[in-house]
Colleague: 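Pasting in a structure now, in structure tokens, and then I'll have a few things to ask.
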Amino acid sequence: MAGKNKHISASGFNIINEWLQSKSLQPFPFQEETWQLYAEGLSGIVNAPTGFGKTFSVFLGVVIDWINHNPDYISRKKNGLQLLWVTPLRALAKDVGRAMEEALFELGIPWRVAVRNGDTTTAERQKQKTNTPEVLIITPESLHLLIATKHNKELFKNLKCVAVDEWHELLGTKRGVQVELALSYLKTLSSAESLLRIWGISATIGNLDEALYVLLGDNHNGTIVKADIRKEIAIHTILPETVECFPWAGHLGIRMIEHVLPVIHNNTSTLLFTNVRSQAEMWYQALLDADPDLAGVIALHHSAIDAEVRVWVEEQLHAGTLKVVVCTASLDLGVDFRPVDTVIQVGSPKGIARFLQRAGRSGHSPGAVSNIYFVPTHSLEIVEAAALQEAYEKQLVESRTPVVLAFDTLVQYMVTRAVGDGFVSDDLFAEVRTTNCYRDITDSEWEWLLAFITYGGSLLREYDEYHRVVNVDGVYRVANRRVAMRHRLHIGTIVGEALLRVKFMSGGNVGTIEEYFISKLVPGDVFVLAGRKLELVMIRDMVVYVRKSNAKKAHVPAWAGGRMPLSANLGSVLRHKFQQAALEPHTNELLMFMQPLFQKQQELSVVPKEDELLVELINTKDGYHLFVYPFEGRLVHQAMASLIAYRISQQIPITFSIAMNDYGFELLSDQPIPVTEDNIRALFNPDGWYTDLKRSVNAAEMGRRKFRDVAVISGLVFQGMPGAYKKQRHLQNSTSLIYEVISQNEPSNILLQQAYTEVLAYEIESARLYNALQRIHEHNIIISMPVNLTPFCFPIKVDSLREELSSEKLEDRIKRMQLSAQKQA
DNA sequence: GACCTGCTGCGGGATG
């Protein structure tokens, strides 16, 4: 290595590779020519599989390039801030910073690397102010907080480069919009001769070109540096003995535990991913019950577990003292420095990108293959295993759709700038329009937003708390210190659920639980959290006090999270696999295994081909059922079910109950459903879909809930000071009130409209719904009339039963129904 | 406020 030499003569390419090898990291996966991109002062996106030193190649690449061009940077005491390293995660910032500083030290560069995020103490912040580090690792939120400080231009004036880590994670979220906005500002601060350089670091996504465009905005030339290697992934499917003994419905997969244990035993370290937090708690307990020897080497990791406990788990994983960690998406990111040798995915990963990302958590050493075991939780999911294999071979990775015209985020940012050094309207307007997000914002929208932050717009004029910004001599500023303080506390775009902290009576945090779940329990009740049985003692000031319990039975908490629909890409491959199962099953081992089930489906009904939509009409004692299988994910199915129900009800008076899963949906009625060969195509016709959709779904009610997020982000309602959060009920009430006032008096309100737009985009996935209707329009629609429930409709039917029955009864009922269906055919 | 299986992520500075 270069040691303490003050002059770096070797090419950055060699330096990086030497350095990576000395750390036993993967060699730099790019050609020496691509290295020149750093040296030429360009911007762009770096894309390589995990574990290939992307972080350090970018970091050392840009740093060494400057040093080579400006050797006196090394000797100078004060260079000012040179590089901003934006990362969506706090957790590993300190580790990354230390590693960067160490790398610089070994190269003889005495630069300082500092971290600034919510964990940074006031003293550390002060130190950064007087003694500016050359490199600052920061979250998007903290970056906006910096922009909300006085004289921030001073801090950024020497900035040469901004690197955005995990850009694929930020793209498609409002946190990504925050990055776009911050970059548009920082670009204006850099002088003409040294254009600010921007590097994004991204995993593979379907729209890398778009990701680049969004990152750079409209006045930059950029390039995509793509590693010419493909991470080898071995996908193993864990199968039951026969498909006949496997349940047709269910999502837990606990019965596969005997097949999973050998995988854990045959490997040194394993990550076991579940889709849901309660499922992780159950798997943790079930694994311990099945193999008590795992005690001490098994751990649990999900977002409701106390942060300190999670850090401990990550450290133990790193140190190699843990054999298996049961986790949710909480370990999707940030375990780069904590590789394992095996990954197990229980249940559908719902998307190809997520599956490959998780697979990549294993096999980090050079040349190693990533091993992922897929554990299906019900029969049809075995087809997903085949689909995932094909999707991997064809690299059908999903795209991330960038957020556009998020006015709530813009309102927040405008106040942020006003809290900082203030802004001139025309200048900020021009600046904001260089971003992809606000490229199409109109003059009148901008005027509306200005009015909104200065006097609350036409509706809230009388309330002083909405007069946040004042215009003094053409400069918009926040003059009131309390307003400024309150704004800083509310910077960010993540709006969470009402959480209560769970603490032992003796002290010590366990984790968090939702108001909704805990309100159903009374003192003395026992529930599970972080793998422990806890007795509820009392609830005081949003804290749940508990003590350890040895009770046999315990409630497993439910957390209300996202609905994670099956992705369009995976749905499409899945349809293909069903066709293959019908036409050429012998080409695939998994499909051969599934044959008995497909035969059953074929006997009772039809196995649809790729260009067919299957509709099943079934009569049972529950009533008249209509089942449809578009394989478009549960959100689209919910909307499509409402749409079809509405269209049928236009023909005759009829009411339905609706059920759906990721594969299809059900309409159930107590009268015969008038669907025939003659009218079926009209029911799915894309013409007039939007009008009918708006009449069939309760957009106003959905908008009301979405409006809460918009209201919080734009500063219409306040969540309270940290540590003294308002009860969610209060927040909901005040939001509801504002929603009523606005929707009745100012229906064109931009923030209200945004709530509706977001419902369409994210709750209904309307673009995808439209594409699905278009696709179906070109397909054959096959109506089948089975005499009994089919393997296809079974999981959907079970879903609709859940409401009526307790879980134990449900399990019995499933067995009975499955038995009866199997006999009938 | 409703979901009932339902992920993840963030977070004070200016003044005395």
Side-chain angles (χ1 to χ4, degrees), chain A residues 87-91 116-122 125-126 129 138-146 148-152 166 169-170 173-176 178 249-253 273-282 301-304 327-334 347-351 354 358 377 419-420 481-482 484-498 514-517 520 556-565 634-635 638 661-662 698 701-702 704-708 713 719 721-723 725 728-729 731-733 735-736 739 763 798-799 802-803 807 810:
Chain A
T87 160
L89 282 178
R90 269 179 322 191
R116 188 186 183 103
N117 56 36
D119 297 335
T120 312
T121 62
T122 314
R125 282 161 201 247
Q126 283 303 321
K129 210 168 175 186
I138 200 163
T139 57
E141 286 82 2
S142 284
L143 178 50
H144 275 237
L145 279 163
L146 275 185
T149 58
K150 299 272 180 252
H151 316 301
N152 63 74
E166 313 276 10
E169 282 293 328
L170 291 164
T173 71
K174 291 178 187 176
R175 300 184 78 199
Q178 287 185 297
H251 70 277
L252 289 176
F273 282 99
T274 65
N275 285 335
V276 182
R277 283 170 279 186
S278 53
Q279 190 182 9
E281 295 274 352
M282 287 185 246
H301 194 287
H302 60 69
S303 67
C327 60
T328 61
S330 57
L331 279 185
D332 264 356
L333 287 178
S348 167
K350 312 276 187 185
R354 186 181 292 112
R358 288 181 179 175
T377 59
V419 169
R481 274 180 55 192
R482 277 203 48 204
M485 174 71 93
R486 196 155 70 166
H487 180 74
R488 283 189 206 100
L489 286 169
H490 284 82
I491 284 182
T493 59
I494 299 170
V495 184
E497 288 298 317
E514 287 183 9
E515 210 177 338
Y516 171 75
F517 171 77
K520 293 188 301 188
V556 179
W559 288 272
R563 254 114 60 240
M564 277 196 296
R634 55 177 303 128
L635 297 178
Q638 179 156 26
N661 69 8
D662 278 322
N698 191 348
E701 187 49 46
M702 293 171 93
R704 176 193 298 271
R705 262 181 284 159
K706 204 75 192 173
F707 184 73
R708 185 196 66 157
I713 294 170
Q719 303 226 53
M721 309 298 262
Y725 283 103
Q728 205 68 10
R729 225 177 296 127
L731 177 62
Q732 188 64 43
N733 285 347
T735 315
S736 249
Y739 180 83
E763 308 286 305
V798 167
D799 215 48
R802 212 182 295 280
E803 288 168 42
S807 62
L810 183 66

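Here is the naming used below: chain letters follow the sequence lines, and residue numbers restart at 1 for every chain. Computed from a predicted model, the values in this text were never measured in an experiment.
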Colleague: Can you tell me how far P of B:dC4 sits from CZ of A:Arg705, to the nearest Å?
Modeller: 10 Å
Colleague: I want to verify a distance call: between B:dT8, B:dA2, B:dG13, whose nearest atom is closest to the A:Glu701 side chain?
Modeller: B:dA2
Colleague: Heavy-atom distance under 4.5 Å between the side chains of A:Thr493 and A:Thr173, does that happen here?
Modeller: no
Colleague: Rounded to the nearest angstrom, tell me the gap between atom CD in A:Glu514 and atom C1' in B:dT8.
Modeller: 13 Å
Colleague: Compare the minimum distances between each of B:dT8, B:dG11, B:dG12 and the side chain of A:Arg488, then state the nucleotide with the smallest one.
Modeller: B:dG12
Colleague: Roughly, in whole Å, what's the span from CZ in A:Arg116 to P in B:dG12?
Modeller: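 In whole Å, B:dG12 P and A:Arg116 CZ are 8 Å from each other.
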Colleague: Between B:dG11, B:dT8, B:dT15, which nucleotide has the shortest distance from any of its atoms to the side chain of A:Ser330?
Modeller: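 Nearest to the side chain of A:Ser330 among the choices is B:dT8.
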Colleague: Between B:dC10, B:dT8, B:dG13, which one does the side chain of A:Arg175 approach most closely?
Modeller: B:dC10
Colleague: Does DNA chain B take part in any stems of at least 3 consecutive Watson-Crick or G-U pairs (both distances under 3.5 Å), and if so, which ones?
Modeller: none
Colleague: Given atom CG of A:Asp119 and atom C1' of B:dG12, what is their separation to the nearest angstrom?
Modeller: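 The answer, rounded to whole Å, is 15 Å.
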Colleague: State which of B:dT8, B:dA14, B:dG12 makes the closest approach to the side chain of A:Ser142.
Modeller: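 My answer, after comparing the listed nucleotides, is B:dG12.
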Colleague: Below the 4.0 Å mark, does B:dC10 have OP1 or OP2 next to a side-chain nitrogen or oxygen of A:Arg90?
Modeller: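 A:Arg90 to B:dC10 OP1/OP2: side-chain N or O found under 4.0 Å.
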Colleague: Can you confirm whether A:Arg563 is buried at CZ, in the sense that more than 12 heavy atoms of other residues, nucleotides or ligands lie under 6.0 Å from that atom?
Modeller: no
Colleague: Among all residues two or more places apart in sequence or in another chain, which pass the side-chain hydrogen bond (donor to acceptor under 3.5 Å, both in side chains) test with A:Arg175?
Modeller: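 Once residues adjacent in sequence are excluded, the partners of A:Arg175 under the side-chain hydrogen bond (donor to acceptor under 3.5 Å, both in side chains) criterion are A:Glu141.
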Colleague: Could you verify whether a donor N or O on one side chain and an acceptor N or O on the other, from A:Arg90 and A:Thr139, lie under 3.5 Å apart?
Modeller: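 Short answer, no.
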Colleague: Just compare B:dG13, B:dC10, B:dT8 and give me whichever is closest to any side-chain atom of A:Glu141.
Modeller: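 Minimum distance to the A:Glu141 side chain belongs to B:dC10.
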Colleague: Could you check how far NZ of A:Lys174 sits from C1' of B:dT8, rounded to whole Å?
Modeller: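 Answer to the nearest Å: 16 Å.
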Colleague: If you only use heavy atoms from C-beta on, which nucleotide in B:dG11, B:dA14, B:dT8 is closest to the side chain of A:Lys150?
Modeller: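 Between B:dG11, B:dA14, B:dT8, the one nearest the side chain of A:Lys150 would be B:dA14.
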Colleague: Below the 4.0 Å mark, does B:dG1 have OP1 or OP2 next to a side-chain nitrogen or oxygen of A:Ser736?
Modeller: yes
Colleague: Give the rounded distance in Å between these two atoms: CD of A:Gln126 and C1' of B:dG13.
Modeller: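 Rounding to the nearest Å, CD of A:Gln126 and C1' of B:dG13 are 8 Å apart.
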Colleague: Which one, B:dA14, B:dG11, B:dT8, comes nearest to the side chain of A:Leu145?
Modeller: B:dG11
Colleague: Checking contacts here: which listed nucleotide (B:dG13, B:dG1, B:dG11) is nearest the side-chain heavy atoms of A:Arg125?
Modeller: B:dG13
Colleague: Looking only at side-chain atoms of A:Met485, point me to the closest of B:dG11, B:dT8, B:dG12.
Modeller: B:dG12
Colleague: Expressed as a whole number of angstroms, how long is the span from A:Leu331:CG to B:dG9:P?
Modeller: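 Value for this atom pair: 9 Å.
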Colleague: By side-chain hydrogen bond (donor to acceptor under 3.5 Å, both in side chains), which residues pair with A:Gln279, not counting sequence neighbours?
Modeller: none
